[in-house]
Amino acid sequence: MKTNLAEFIKSTPEGREADSILRTCVHCGFCTATCPTYQLLGDELDSPRGRIYLMKEVLEGNAVTAKTQMHLDRCLTCRACETTCPSGVQYGRLVDIGRNIVDRQVGRPLLESIMRAALRIVLPRPALFKPLLKAGQFMRPLLPGALKKKIPKTGASNTEWPAPRHARRMLVLDGCVQPSLAPDINPATARVLDRLGISLIKAETAVCCGAVTFHLNRQNEALDYMRRNIDAWWPHVEAGVEAVVMTASGCGTMVKEYGHLLARDPQYADKAARITELSKDISEVIFAEREALEASLGSSLVPRPSSLVPASAAKPRVAFHSPCSLQHGLQIRDTVEALLTSAGFELTMVADSHLCCGSAGTYSILQPQLSQRLLKNKVAALESGEPAMLATANIGCLTHIQSGTSLPVRHWVNILDERLS
Ligand code: SF4
Ligand code: SF4
């Protein structure tokens, strides 16, 4: 695609990056086939190709309107289009740059600005989020059905964390909302890794990965979260941790970008690049240790006599929802599925598994109608194989899907931990 960027952006690092991304797009339109918003709305401007065209207009200095902003807001940043694109267009980076410029030029109505500020202030801070969640859970029985569904219950959980005892050590990101919504995910991860000969440790001063703030277009503020995490992790990196483990794939996608986003910060560039290298989704870590896992499973699984129980009946049926951040953002596919299968679960078929569930960070709050339509489709696809439970790999997807189904929705690592115990 030919471009002629406007003076205000052309010589900036963002302008140069956006220009090179725009030039890789050949306008073939293959990406429209896998774009969830184009499938729902059928409007070219709600497709990747249409949005790329809108951003080109913005970057070339043409008038920006609230309509441009609406089409960019409707994008889930699911990056399914990146997986499909034969030309390797980095749509996710382009839309980050484009949204930032559009928001600066168009602004937002007061109520919308307040809502976005509230999300930006509350979600990354467990000290604010946790008491608000508790208050919501207390009021839950009194709330109307639609609102009630939005407030997840937090059940009893096993938060026992094994004491570090192995020479091999890895760090884990605690995250912002996950410890309040599902406090058992990271302890379960620590128990699984402990069995595989790895001690999982936390850096107590680490904070939110920065994704919530970044995707609400406060990108400089988000860079500060990233710097704080690097400062918290660095002593452990110097002490030789093998990886920084992510148990929420949404956070993992953000941390993988630290190196790129801080590349122009002379104080943090090298450290950020190292953190990007060390950042690993928990599925990658466990998959690399699969021999040790299979040995543990062999000793912990109690085989049932096949004469008494049919083989298929002995296998719990699970439908796995692969989050967009896992399959499109991190490009990790079939890994969790392989691990669950080797742990003795039967995975049911899920149609259109490449499509987003509608959670997408704060999308479910800011675009509720589209989000609910995607949720309904996703739950129907997940339930179609009659599983006994649903599993996923990201806290946002977990709570969102749980609001649309009566089946239990778990992080897959909890299921694996219980299998090992
Ligand atoms: S983003 Fe990729 S798939 Fe979509 S129109 Fe451009 S080149 Fe084609
Ligand atoms: S990121 Fe997702 S919603 Fe946005 S244009 Fe690409 S496929 Fe469509």
Side-chain angles (χ1 to χ4, degrees), residues 1-3 17-60 67-103 211 214-217 249-250 252-254 256-257 321-331 333 352-378 381 394 396-397 400:
M1 183 191 285
K2 278 192 185 160
T3 56
E17 187 180 5
D19 196 37
S20 77
I21 298 172
L22 284 172
R23 283 169 184 268
T24 53
C25 176
V26 296
H27 247 55
C28 63
F30 287 162
C31 51
T32 57
T34 55
C35 173
T37 55
Y38 182 67
Q39 288 195 0
L40 289 181
L41 300 165
D43 182 339
E44 173 74 14
L45 295 179
D46 286 311
S47 77
R49 184 171 60 180
R51 292 185 179 119
I52 288 170
Y53 181 75
L54 286 175
M55 287 187 274
K56 176 177 181 288
E57 294 281 292
V58 170
L59 292 160
E60 291 187 338
K67 194 168 177 300
T68 306
Q69 189 181 47
M70 176 189 77
H71 291 296
L72 296 189
D73 281 352
R74 283 183 184 163
C75 169
L76 295 139
T77 330
C78 68
R79 296 169 63 182
C81 46
E82 285 188 24
T83 298
T84 311
C85 175
S87 306
V89 173
Q90 288 182 296
Y91 174 89
R93 277 301 300 144
L94 183 64
V95 82
D96 285 339
I97 297 168
R99 279 176 171 152
N100 212 13
I101 297 167
V102 169
D103 271 16
F214 193 86
H215 294 299
L216 286 167
N217 285 329
S249 54
T253 312
M254 187 82 264
K256 272 280 177 219
E257 297 274 308
H321 165 64
S322 179
C324 302
S325 42
L326 189 71
Q327 57 171 320
H328 305 305
L330 296 170
Q331 296 282 317
R333 298 192 198 95
D352 293 328
S353 59
H354 61 283
L355 289 179
C356 181
C357 65
S359 169
T362 54
Y363 193 92
S364 60
I365 300 166
L366 297 171
Q367 298 285 336
Q369 284 87 10
L370 284 173
S371 168
Q372 285 300 310
R373 287 172 70 184
L374 290 166
L375 174 64
K376 201 167 160 239
N377 293 346
K378 181 56 70 183
N394 188 49
C397 309
H400 186 60

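Bear in mind that the values here come from a model prediction, so they are computed numbers and not experimental data. Both ligands and their constituent atoms are indexed starting at 1 by order of listing. Numbering of residues begins at 1 and proceeds along the displayed sequence.
- Regarding atom 2 (Fe) of ligand 2, its nearest protein heavy-atom neighbour is Cys78 SG, 2.3 Å.
- Close contacts of ligand 2 with Arg51, meaning ligand atoms under 4.0 Å from a residue heavy atom, involve 3 (S), 4 (Fe), 5 (S), 8 (Fe).
- With sequence neighbours excluded, no residue satisfies salt bridge (Lys or Arg N to Asp or Glu O under 4.0 Å) with Arg99.
- Nearest to atom 8 (Fe) of ligand 2 among the protein's heavy atoms is Cys35 SG, 2.4 Å.
- Note that the NE2 atom of His328 and the CD atom of Glu82 stand 10.0 Å from one another [nearest 0.5 Å].
- Between Ile21 and Val89 the shortest side-chain heavy-atom distance falls below 4.5 Å.
- Here Glu17 contributes atom CD and Leu94 contributes atom CG; the two are 8.5 Å apart, rounded to the nearest 0.5 Å.
- Only backbone heavy atoms of Thr77 (N, CA, C or O) come within less than 4.0 Å of ligand 2; its side chain stays farther off.
- Distance from atom 4 (Fe) of ligand 2 to its nearest protein heavy atom, with residue and atom name: Cys75 SG, 2.3 Å.
- In this structure, the separation between SG on Cys75 and CE on Met55 is 7.5 Å, given to the nearest 0.5 Å.
- Nearest to atom 3 (S) of ligand 2 among the protein's heavy atoms is Leu76 N, 3.4 Å.
- One finds the OG atom of Ser20 at 10.5 Å from the CZ atom of Arg93 (value rounded to the nearest 0.5 Å).
- Taking every heavy atom of Arg79 and a limit of under 4.0 angstrom, the matching atoms of ligand 2 come to 1 (S), 2 (Fe).
- For the ligand labelled ligand 1, residue Pro86 lies inside the 4.0 Å heavy-atom shell.
- Annotation: side chain to side chain donor-acceptor pair (under 3.5 Å) contacts of Lys56 (sequence neighbours excluded): Glu60.
- Around atom 4 (Fe) of ligand 1, protein N, O or S atoms at less than 2.8 Å number 1.
- Evaluation of the side chain to side chain donor-acceptor pair (under 3.5 Å) rule for Lys67 yields His71 as partners, not counting sequence neighbours.
- Atoms CZ and CG, on Arg49 and Asp46 in that order, are 13.5 Å from each other to the nearest 0.5 Å.
- The CZ atom of Arg51 lies 10.5 Å from the CD atom of Glu44; values are rounded to the nearest 0.5 Å.
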